[in-house]
Structures are given as structure tokens and as C-alpha cells.
Visitor: 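Have a look at this one before I ask anything.
Below, chain A is the first sequence line, B the second, and so on; all start at residue 1.
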Amino acid sequence: MTTTELKKRTPDKTEVTREAHRPTCLPPVDVVETDEAFRIVADVPGAGEGDIEISLDRNLLTLRAAQRQSAPAGHEPAYREYTAANFERSFTLGDEVDRDGVKAALRNGVLVLTLPKVKAVQPRRIAVKAD
Amino acid sequence: MNTWPRNFRYGWNPWEEMDQLSRELHRALTGYSGYGAAREFPAVNIWTNEDTASLSAELPGVDPASLDISVQNDTVTIKGERPVPEHKEGENWVRQERAYGAFTRSFALPFRIDPEHVTANCAHGVLTVTLPRVPEERTRKIDIRVD
């Protein structure tokens with residue numbers, strides 16, 4: 001085990017105005033696979049249609065959403081468990097996904113991405129004919 | 001080795017204790033505590049002023065009609081359920097990170113709530129509840145008369 005040298009911190013003498021920090025979070029996702037498609041379900045509460053950006057660059061699918069501020073004007077924060085964040089998550093797609101058929105739907109703060117599989121890859125059932 | 005992403009929206013992870021310790025240490029040394037990870041579902045924020053409190057809860061995927069918001073004295077309770085999705089035949093769950101099930105969250109505010117005037121609305125999976133103070137408990141500004 002290595003010992004990390006901790007630097008002594010001296011307080012800043014200059015006044016610095018701080019910007020409200022907007023963290024980037026990974027939204028939790030569920031990924032389901034069926035014979036025809038992949039389905040990615042992501043929690044993006046507080047984001048409307050215009051706040052979501054889904055981009056596909058070669059085989060990297062990136063989901064970005066900006067959460068709307070819900071702080072009411074004229075109020076002081078009393079109890080805080082979350083901060084308005086930017087959601088971002090990326091997925092690497094395999095060859096079996098049909099890039100042109102990717103669909104997205106948003107409902108109640110849940111984004112559902114449907115990634116259909118290329119037809120050639122979908123399993124085909126071959127019937128056995130008994131003589 | 002802890003490879004759980006630090007900025008995962010919901011902070012539960014098996015390395016909770018160690019993570020907590022390292023985070024406290026980090027915060028003590030650098031004064032920075034970002035990331036925005038919440039602990040429990042749903043994550044709730046509460047703001048107050050002299051007349052009301054405003055509560056916002058992240059409830060993605062919860063049907064607003066199934067929520068049960070009740071107010072008693074100074075306590076507001078939110079009950080609801082995010083139904084477990086059915087595992088259909090032929091579906092293979094590759095990854096499950098979202099939590100499901102029933103939840104109850106209660107908050108005791110520093111004032112009595114006026115139940116007649118509580119309003120709640122839900123948009124984009126975020127519930128906002130406005131809880132006004134009982135008239136007797138509204139802070140009143142006292143003017144100083146200068147003779």
C-alpha cells in the first residue's frame with residue numbers, strides 16, 4: 001500500500017465567486033434484450049423533450065439530458081438530497097443493431113430507447129420435418 | 001477495488017462504507033462535495049420561506065394517480081409505488097439498475113401545515129408539492145417605529 005502525500009491546504013485569501021455546480025450524473029438504466037430489439041430504459045426526471053439529446057456516432061450511442069431547475073423563487077433550501085444535474089450515459093453498440101431504426105420515447109421522466117436488431121441477426125426458427 | 005461510478009445517480013453500492021469514508025476525507029481536505037448522488041428513492045428537496053415550504057421529489061416512471069400524499073400537523077408523507085415491470089417470455093434482462101417497489105417518505109417540517117391549501121403537481125417525473133404554513137405560524141415582519 002502506498003502512502004499518499006497530503007498537501008497542506010492554506011485558505012484562499014482572495015474572494016472567489018462560485019458558480020452553482022451542476023454535476024453530471026449517470027442515470028440508472030435497465031437494458032432488456034428480445035429477439036427483435038434491445039430496449040434501454042433510463043430515468044431522466046425533470047427533462048422534457050427539448051432537454052434530451054441522443055446522438056449516435058459510429059457505434060457509440062450517447063444519451064444526454066439536462067434536468068430543469070425545480071428550485072422555487074424566493075425560497076431558501078431547507079433539505080437537499082439531490083442537485084439539478086446533467087444526465088449523461090453512453091453505450092457501445094454491436095453490429096447487430098440497426099442504426100437507422102433507433103427510436104426514443106419519453107414519458108413521466110422515463111426515456112425508452114428501442115434499438116432494433118438487424119433482420120439478418122434475428123434468430124430464425126428452422127422447422128424439422130420428419131420423414 | 002471499488003469501480004462503482006462515483007457519479008451514479010443513486011449512490012447505493014456494496015462499498016458504501018468505504019466510499020463514504022473516502023468521500024468524507026476528500027470533502028474535509030478539499031472542501032468539494034459534488035457528484036449529486038442521492039441515497040434513497042425518491043430523492044427529495046425541500047425549500048422554505050416565511051409562508052410556504054416547497055417539496056420536490058424525483059419520481060420517474062411513477063404514475064401520479066397512484067401517489068398518496070398526506071399531511072398531518074407538521075408532517076407530510078408521500079407514498080407510492082413504482083411497479084415491477086413484468087418479465088415477459090423471450091425477454092432477457094441484460095442490466096437492471098432502476099429500483100422498483102413501494103416507497104414511503106415522511107418529512108417533519110418546522111411548522112404546522114395548512115392542509116386546505118396544499119397543492120401538488122407532477123411534470124416530467126418530478127413531483128412538486130407546495131405546503132403553506134398554518135396562518136398562525138406565518139412569520140410576520142415587525143415594523144420598528146422610530147419616535
Visitor: Return the option, out of B:V44, B:V62, B:N45, with the maximum number of heavy-atom pairs under 4.5 Å with chain A.
Guide: B:N45
Visitor: Please determine, among A:A42, A:P27, A:A47, the option with the most heavy-atom pairs under 4.5 Å with chain B.
Guide: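 It is A:A47.
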Visitor: When only heavy atoms count and the cut-off is under 4.5 Å, which of residues 98-106 of chain B reach chain A?
Guide: B:R98, B:Y100, B:R105
Visitor: Would you name the heavy atoms of B:A57 and A:Y82 that are closest together and state the gap between them?
Guide: N-OH, 4.4 Å
Visitor: Look up atom OG1 in B:T48 and atom OH in A:Y79, then write down how far apart they are to the nearest 0.5 Å.
Guide: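 Answer for the OG1-OH pair, B:T48 versus A:Y79, is 14.0 Å.
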Visitor: Kindly work out whether a path of hydrophobic side-chain contacts (I/L/V/M/F/W/Y, heavy atoms less than 4.5 Å apart) joins A:V41 to A:L93.
Guide: no
Visitor: In terms of hydrophobic clusters joined by side-chain contacts under 4.5 Å, are B:I78 and B:W47 together?
Guide: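 No, separate clusters.
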Visitor: If hydrophobic clusters are built by linking Ile, Leu, Val, Met, Phe, Trp and Tyr wherever their side-chain heavy atoms come under 4.5 Å apart, do B:L59 and B:I69 end up in the same one?
Guide: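 Yes, B:L59 and B:I69 fall within the same hydrophobic cluster.
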Visitor: Is it the case that the side chain of A:D30 and the backbone of B:E97 share a donor-acceptor pair, with hydrogens and angles ignored and the cut-off at 3.5 Å?
Guide: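 Yes; judged by distance alone, with no hydrogens or angles, the pair exists.
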Visitor: Only heavy atoms, only distances under 4.5 angstrom. Which residues in residues 107-116 of chain A are near chain B?
Guide: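 The stretch touches chain B at A:N108, A:G109, A:V110.
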Visitor: Which residues, ordered by chain and number, are linked to A:L60 in its hydrophobic cluster, where ILVMFWY side chains connect at heavy-atom gaps below 4.5 Å, directly or through other members?
Guide: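 Once heavy-atom contacts under 4.5 Å are chained together, A:L60 still belongs with nothing else.
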Visitor: What parts of residues 108-134 of chain B touch chain A if we use heavy atoms and a cut-off under 4.5 Å?
Guide: B:H124, B:G125, B:V126
